[in-house]
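Quantities reported herein were computed from a predicted structural model and do not represent experimental measurements.
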Amino acid sequence: CCCCYFVWRIVVKMKSFVVVVFVVVVSMLLMALLSTPIDANPVESGLRTYKLDEKCNRKDEGYGSGVFFDVIDTDHDQCVTRKEIVAWALSNGIIASEDEINVQAIANALSSFKDNRPILNGTQPVEIHTSLANNTNLIVMWATETQTSTSTVVYNVNGGSSITLSGSTHTYTANGWVGVIHQVYLPNVGVNAKVNYKVGDASGGWSDHFTVTTPPQVGSKRNENEPLVFATFGDMGTYIPLGYKVCEQIYNDSQKLPLDLIVHQGDIAYASTEVTGTEDNVGYPEQEWVWDIWAQQVQPLAANIPYVAGVGNHEKFFNYSSYLARFRNPLPWGGSPNDIEDATFWFSFDFGLVHFTMMSTEHPYDVGSRQYEWLVNDLEKAVANRNGVPWIVFIGHRPMYSSDQSEYDSHKAGAYFQTVIEPLLIKYKTDLYLCGHMHIYERIHPVVNGTVVQAASTHYVNPGAPVQVVQGNAGVFEDVNWVEPSPKWSAVRKSRIGYGRFRVYNSTHLYYESMELATLAPMDSFWISKTAEFE
């Protein structure tokens, strides 16, 4: 989606606040406007429309409207369609013909609508999400535009009595963001407990009700008849071009096969597409309101399913201010952008039968570094506890191996990341390495220093090294050229949008699927099975 990338770069170069409607409409135009007949039904064509309430805010995602809808919504149905946008562009001389759509001209014109309301709306709670504080406890977070009297969660456990709990607030000011982030740490309410809750403030307003389930007992499933189910992916974004659609896909799939946990492997909101910018804002700056778009996009998932997020290269702007402010993860994760050298971007936790180790590929991992020593210590403890928690899943943002031609020299045997980290994965008998960064799906056979130790089409048995999965295809633009011929370690490679999902059935069987957006079905799947002596 080169056009999506091009227009996005135009957006992020703007120094003033860019209205959210511009991003939404232009991105949708790029995907649908150029190929959809002028009289097509928006629902049938897949062109998204944006219905508003009387306050001119979307109920589901909080986008503003202002003059934009007064001018372009000519039938006054609170729904702007492709047909109306093209008619407006024609009548104002922005384009000469509906057969020759000039996307850049439309983008420039739409950016003139500067009176749109911000994404955040006063004291109304939005961007609600839950995460893990540790192996048993949950955190609830949300955002408001302005300060409220309290930061309150009202909840019940398994339908019991209502409990009121207050938390704290914080904010950040990177690139002019204005808002308040609220957090409440829930007490240990027991394993597999259904927590029905709302957030907000009695005077400022309440959210809808949500229901999230606490983690299972460490070393166990929720019940004997059902597997634990995890969603995993990296590189999502919002409308550049299909992150929002992958969110919808995950949500719809979770209604059929409920998820226990969501693990995001970094490159989260894509608030900037620049990859060389630094904390002093060299290059294209991060646009903070894009974080708000993303957080509202994932709310239907993250408010009801614990959502943990590692760090990627696109979180680095302003000393990782947005990432550090908007998320909470298990220890030792945490820190301040004002003391970035002492911040910690790695963490681990047990979830049922799985130990997750999340490293940061964006921070020093040299032998002897603070992160490396922590990784060794964490994996040693995980191995010692393997009788109770049999699966070890290791996660980082960047691939160890990938046959995408871009950055290939960094993603093959002999590259620095592989030579430092792979020996740990082999020594401690990790089962899976999950990553993103490259906007593809690629399954890597179990490999040691570039040599395949077990090749399988769909079933690895006591593989002797982790199966590696590059699942960086959760919605951002694709621009792939494959290395040819395909390396022997590359089992399956696809340039298609989607996400990953895996099920842990017991101590010996794990099943992974890469779910494709276009077909809403698996485009690859495999089993890992092992016996006790290979744990």
Do the two ring centres, one from [X] and one from [Y], sit under 6.0 Å apart?
| X | Y | value |
| --- | --- | --- |
| Trp489 | His445 | no |
| Phe526 | His459 | no |
| Tyr428 | Phe394 | no |
| Tyr401 | His411 | no |

Set of ring pair (Phe, Tyr, Trp, His ring centres under 6.0 Å) partners for [X], sequence neighbours left out:
| X | result |
| --- | --- |
| Tyr251 | none |
| Tyr499 | none |
| Trp391 | none |
| His355 | none |

By salt bridge (charged side-chain N to carboxylate O under 4.0 Å, His left out), which residues pair with [X], not counting sequence neighbours?
| X | value |
| --- | --- |
| Glu484 | Arg493 |
| Asp350 | none |
| Glu516 | Arg496 |
| Glu407 | Arg398 |

*Residues that His397 engages under side-chain hydrogen bond (donor to acceptor under 3.5 Å, both in side chains), provided they are two or more places apart*: Asp267, Asn313, His437
*asked:* Tell me whether the count of non-hydrogen atoms from other residues, nucleotides or ligands lying under 6.0 Å of CD in Gln255 goes above 12.
replied: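 Correct, the count exceeds 12.
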_Geometric class of the Phe347/Phe349 ring pair [parallel <30°, tilted 30-60°, perpendicular >60°]_ = parallel
Spacing of [X] atom [atom1] and [Y] atom [atom2] [to the nearest 0.5 Å]:
| X | Y | atom1 | atom2 | result |
| --- | --- | --- | --- | --- |
| Ser514 | Gln471 | OG | CD | 3.5 Å |
| Cys247 | Trp294 | SG | CH2 | 7.5 Å |
| Leu259 | Leu301 | CG | CG | 7.5 Å |
| Trp527 | Leu510 | CH2 | CG | 8.5 Å |

*Please say which of Tyr512, Tyr511, Phe356 ends up in a ring pair (Phe, Tyr, Trp, His ring centres under 6.0 Å) with Phe230.*
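Among Tyr512, Tyr511, Phe356, the one meeting ring pair (Phe, Tyr, Trp, His ring centres under 6.0 Å) with Phe230 is Phe356.
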Side-chain ([X]) to main-chain ([Y]) donor-acceptor, under 3.5 angstrom:
| X | Y | result |
| --- | --- | --- |
| Ser321 | Phe318 | yes |
| Thr173 | Gly176 | no |
| Lys221 | Tyr505 | yes |
| Asn304 | Pro300 | yes |
| Asn175 | Glu286 | yes |
| Asn252 | Glu248 | yes |
| Asp235 | Gly475 | no |
| Thr213 | Asn192 | no |
| Asn506 | Thr508 | yes |
| Gln299 | Ile128 | yes |

*asked:* Could you go through Asp431 and Arg386, starting from their C-alpha distance and side-chain angles, then the distance that decides it, and tell me whether this counts as salt bridge (Lys or Arg N to Asp or Glu O under 4.0 Å)?
replied: CA-CA 12 Å; Asp431 300 293; Arg386 207 152 199 171; 2.8 Å; yes
*salt bridge (Lys or Arg N to Asp or Glu O under 4.0 Å) evaluation trace for Asp260 with Arg222*: CA-CA 9 Å; Asp260 294 291; Arg222 295 199 187 280; 2.5 Å; yes
Measure across [X] and [Y] and return the closest heavy-atom pair with its distance rounded to 0.1 Å.
| X | Y | value |
| --- | --- | --- |
| Trp346 | Met359 | CB-CA, 4.1 Å |
| Pro364 | Ser369 | O-OG, 3.5 Å |
| Leu520 | Met515 | O-CE, 4.4 Å |
| Gly310 | Ile268 | O-CD1, 3.7 Å |
| Glu362 | Gly312 | CG-C, 3.6 Å |
| Leu324 | Ser336 | CD1-C, 4.0 Å |

_Thr458: side chain to side chain contact (heavy atoms under 4.5 Å, CB included) partners, not counting sequence neighbours_ = none
Is any side-chain heavy atom of [X] less than 4.5 Å from a side-chain heavy atom of [Y]?
| X | Y | result |
| --- | --- | --- |
| Pro306 | Val212 | yes |
| Ile444 | Tyr433 | no |
| Asn319 | Ile340 | yes |
| Val383 | Ile392 | yes |
| Phe210 | Thr130 | no |
| Phe351 | Pro216 | yes |
| Pro215 | Leu132 | yes |

*Could you go through the ring pair (Phe, Tyr, Trp, His ring centres under 6.0 Å) check for His314 and Tyr270 one step at a time?*
CA-CA 6 Å; His314 282 278; Tyr270 272 82; 4.3 Å; yes
_Cation over ring face, Arg326 and Trp177, 6.0 Å, 45°_ = yes
*Using only heavy-atom distances, determine whether the side chains of Thr238 and Gln297 contain a donor-acceptor pair under 3.5 Å.*
no
*Does any donor atom in the side chain of Ser360 or Gln371 lie under 3.5 Å from an acceptor atom in the other side chain?*
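No, Gln371 and Ser360 have no side-chain donor paired with an acceptor closer than 3.5 Å.
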*Just grab all the salt bridge (charged side-chain N to carboxylate O under 4.0 Å, His left out) pairs involving residues 412-425, residues at least two apart or on different chains.*
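Sorted pair list: Asp409-Lys412.
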*salt bridge (charged side-chain N to carboxylate O under 4.0 Å, His left out): which pairs involve residues 501-512, sequence neighbours left out?*
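Passing the test, one end in residues 501-512: Arg501-Glu513, Arg503-Glu513.
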*CA sep, side-chain torsions, deciding dist, call: His363, Phe345, ring pair (Phe, Tyr, Trp, His ring centres under 6.0 Å)*: CA-CA 8 Å; His363 297 86; Phe345 293 85; 4.0 Å; yes
